[in-house]
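Contents: one structure, followed by commentary.
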Amino acid sequence: MKYGNVLVTGGAGFLGSQLVKKLLSISEHVHVIDDLSTGNVNALPQSATLTFHRGSITNEELLEQILPEVECIFHLACRNILLSVQDIEGDLHTNLYGGFLLLRKAKECCSHLKRFVYTSTASVYGNAPVIPTPESYFNITLPYSASKFSTEHYCKVFYHMYQVPVTILRLSNVFGPGQLIENPYCGVVAKFFDAVEQGEPLTIYGDGTQTRDFTYVEDVMDVLLRAAWEPGFVGNVYNVGTGRETSVNELAEAISTITGHLSYPTLYKPKRVVDKVYRRAVDVTALQTDVQWTPRYSLTDGLRKTYDWLREGKV
Ligand SMILES: NC(=O)c1ccc[n+]([C@@H]2O[C@H](COP(=O)([O-])OP(=O)(O)OC[C@H]3O[C@@H](n4cnc5c(N)ncnc54)[C@H](O)[C@@H]3O)[C@@H](O)[C@H]2O)c1
């Protein structure tokens, strides 16, 4: 086995559930903590080596019970960007205090912790003047960006003061199998595929010229697993993405083509409060240089695989 006992916080969410599936075959035991506020326990497989703990990462007793045996922590639990503007204190409590508490308890309770992997976000870049954006830049404009970025700082504090072996990965617009439309906060790719399935137009907020760096889930899984294993990641912050910009209009066209339509109808709506970023692509040079990682999936490949998964009944 590559890993001993591992903990995945937010393991019933989109990325957490995909990660758990991968970890089960290469770990002795996988613990999941998830309060199911947006996650779905049915997204997790049944396994004798998986223990699901329904609860919050802010529950000290729960952490004290699980952490002593844990060698590797993947900290994915979060309140999402849309919820962060509806409930700014809830965002602070889960994303910042929850992250801080997990770090503190990891330091206190884990006697042989090999890695603490934290999934941060490209949202820390706001509207960046340089595209693709390197890790050195930041521009905080939303509560979600503030709480996620602050937790990055605490990761570094625990690394420098207490040698907690952290690694911070800034993910960008992940899509692919496992992203469920049942979660009302799921990303635009899942929403577009579902709209086509329902025979409804693709809803676009703004004029659709805003760009994002869409990253296929398998590429993200690859980095997450390597980050927990390879020494080169420790103490560092890395962007995870493709470095390529795709406008929401281009995404709509791509999904239209993949689903066999010449030009699928779109419906333009005013921007929401969270739609502040006009351009986004992350610079992945550091990840390429330091650990020789490059994304394997083009947007088209990833969309085709996602469509296959949807047509095959999401198995
Ligand atoms: N999906 C993306 O495009 C993307 C992009 C950038 C960063 N990220 C980061 O990756 C991580 C996972 O994202 P995701 O897309 O899987 O999100 P998700 O919303 O699908 O999963 C988050 C999970 O955390 C759980 N959760 C929320 N509050 C909790 C609490 N207090 N205690 C325990 N569990 C709690 C939810 O129930 C959910 O299952 C997050 O940290 C997110 O910031 C994701």
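FYI, the numbering just counts along the sequence from 1. Counting convention: from 1, in listed order, for ligands and their atoms alike. Quick note: numbers below take in every heavy atom, side chains included, and nothing from hydrogens, waters or symmetry partners.
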> Is ligand 1 less than 4.0 angstrom away from at least one heavy atom of Ser120?
Replying inline: yes

> For atom 32 (N) of ligand 1, what's the nearest protein heavy atom and its distance?
Replying inline: Ile57 N, 3.1 Å

>> Does the residue Tyr185 have a heavy-atom contact with ligand 1, meaning some pair of atoms that are separated by less than 4.0 Å?
In response: no

>> Quick check on Ser37 - does any of its heavy atoms sit under 4.0 Å from an atom of ligand 1?
In response: yes

>> Regarding Asp91 and Ser147, do their side chains bring together a donor and an acceptor under 3.5 Å, going by distance alone?
In response: yes

>> Please check whether Asn80 reaches ligand 1 - meaning an N/O of the residue sits under 3.5 Å from an N/O of the ligand, judged on distance alone.
In response: no

> Nearest protein heavy atom to atom 10 (O) of ligand 1, by residue and atom, and its distance?
Replying inline: Thr119 OG1, 3.4 Å

>> Taking 4.0 angstrom as the limit and counting only heavy atoms of Val174, give me the atoms of ligand 1 inside it, by number and element.
In response: 1 (N), 2 (C), 3 (O)

> Under 3.5 Å between some N or O of ligand 1 and some N or O of Ser56?
Replying inline: yes

Per-pair distances, 0.1 Å, donor-acceptor, side chain in residues 6-16, under 3.5 Å, sequence neighbours excluded:
residue: Thr9; atom: OG1; partner: His75; partner atom: ND1; Å: 2.7
residue: Thr9; atom: OG1; partner: Leu76; partner atom: N; Å: 2.9
residue: Thr9; atom: OG1; partner: Ala77; partner atom: N; Å: 3.0

> Side chain, backbone, both or neither: which part of His75 has a heavy atom under 4.0 Å from ligand 1?
Replying inline: neither

> Is Phe214 touching ligand 1 with its side chain, its backbone, both, or neither, if touching means heavy atoms under 4.0 Å apart?
Replying inline: neither

> Mind checking whether Phe193 and Tyr307 have parallel, tilted or perpendicular rings, split at 30° and 60°?
Replying inline: parallel

>> Any donor-acceptor pair under 3.5 Å linking the side-chain atoms of Ser298 with those of Thr300?
In response: no

>> Could you work out, for atom 35 (C) of ligand 1, the closest of Leu36, Asp35, Val124 by heavy-atom distance?
In response: Asp35

>> For Thr94, which part has a heavy atom under 4.0 Å from ligand 1: side chain, backbone, both, or neither?
In response: side chain

> Is there a side-chain contact between Leu303 and Val189, using heavy atoms and a 4.5 Å cut-off?
Replying inline: yes

> With under 30° as parallel and over 60° as perpendicular, where do the rings of His261 and Tyr264 fit, or are they tilted in between?
Replying inline: perpendicular

> Can you check whether Arg79 has an N/O within less than 3.5 Å of an N/O in ligand 1?
Replying inline: no

> How far is atom 6 (C) of ligand 1 from its nearest protein heavy atom, and which residue and atom name does that atom have?
Replying inline: Leu171 O, 3.2 Å

>> Please verify the inter-ring angle class for Tyr216 with Tyr297; under 30° counts as parallel, over 60° as perpendicular, anything in between as tilted.
In response: tilted

> Given the protein's heavy atoms, is any one of them under 4.0 Å from atom 17 (O) of ligand 1?
Replying inline: no

>> For atom 15 (O) of ligand 1, what's the nearest protein heavy-atom neighbour? Residue, atom name and distance, please.
In response: Phe14 CD2, 3.8 Å

> Distance only, no hydrogens: is a donor on one side chain within 3.5 Å (strictly under) of an acceptor on the other, for Tyr278 and Thr209?
Replying inline: yes

>> Main chain of Ala227, side chain of Arg115: is a donor-acceptor contact present, judged purely on distance under 3.5 Å?
In response: yes

>> Once rounded to the nearest 0.5 Å, what's the spacing between atom CZ of Phe100 and atom CD1 of Ile57?
In response: 12.5 Å

> Without hydrogens or angle criteria, can the side chains of Thr242 and Asp213 be said to hold a donor-acceptor pair below 3.5 Å?
Replying inline: yes

> At a 4.0 Å cut-off, with the gap strictly under it, does some heavy atom of Thr9 reach an atom of ligand 1?
Replying inline: no

>> Strictly distance-based, threshold 3.5 Å: is any side-chain N or O of Asn5 a donor or acceptor partner for the main-chain N or O of Glu69?
In response: yes

>> Can you tell me if Gly11 contacts ligand 1 (heavy atom of the residue under 4.0 Å from the ligand)?
In response: no

>> Are any of the N/O atoms on Thr38, whether in the backbone or the side chain, positioned under 3.5 angstrom from an N/O atom of ligand 1?
In response: yes

> Which residue owns the protein heavy atom closest to atom 39 (O) of ligand 1, what's the atom, and how far is it?
Replying inline: Asp34 OD2, 2.6 Å

> Any nitrogen or oxygen of Gly39, main chain or side chain, under 3.5 Å from a nitrogen or oxygen of ligand 1?
Replying inline: yes

> Considering only the protein, which heavy-atom contact is closest to atom 43 (O) of ligand 1, and what is its distance?
Replying inline: Tyr144 OH, 2.7 Å

>> Heavy-atom contact check, 4.0 Å cutoff: does Leu76 meet ligand 1?
In response: yes

>> Quick one about Tyr154 and Arg104 (side-chain donor to acceptor, distance below 3.5 Å, no hydrogens or angles considered), yes or no?
In response: no

> In terms of atom number and element, which parts of ligand 1 are under 4.0 angstrom from non-hydrogen atoms of Gly55?
Replying inline: 32 (N), 33 (C)

> Residues in side-chain contact (heavy atoms from CB on, under 4.5 Å) with Tyr205, at least two apart?
Replying inline: Thr203, Lys269, Arg272, Asp275

>> Tell me the nearest of Gly99, Cys78, Ala77 to atom 27 (C) of ligand 1, using heavy-atom distances.
In response: Cys78

> Are any of the heavy atoms in Gly98 under 4.0 Å away from ligand 1?
Replying inline: no

>> Give the atom numbers and elements of ligand 1 that come within less than 4.0 Å of a heavy atom of Ala12.
In response: 39 (O)

>> Within the 3.5 Å criterion, strictly below it, is a donor on Asn236 or Tyr238 matched to an acceptor on the partner's side chain?
In response: yes

>> Give me the nearest non-hydrogen protein atom to atom 13 (O) of ligand 1 as residue plus atom name, then the distance to 0.1 Å.
In response: Leu15 CD1, 3.9 Å

> Between Trp293 and Gln288, what is the shortest heavy-atom contact and its length?
Replying inline: O-CG, 2.9 Å

>> Does either side chain, that of Tyr268 or that of Asn249, offer a donor lying less than 3.5 Å from an acceptor on the other one?
In response: yes

> Considering only protein heavy atoms, which is closest to atom 21 (O) of ligand 1, and at what distance to one decimal place?
Replying inline: Gly13 CA, 3.4 Å

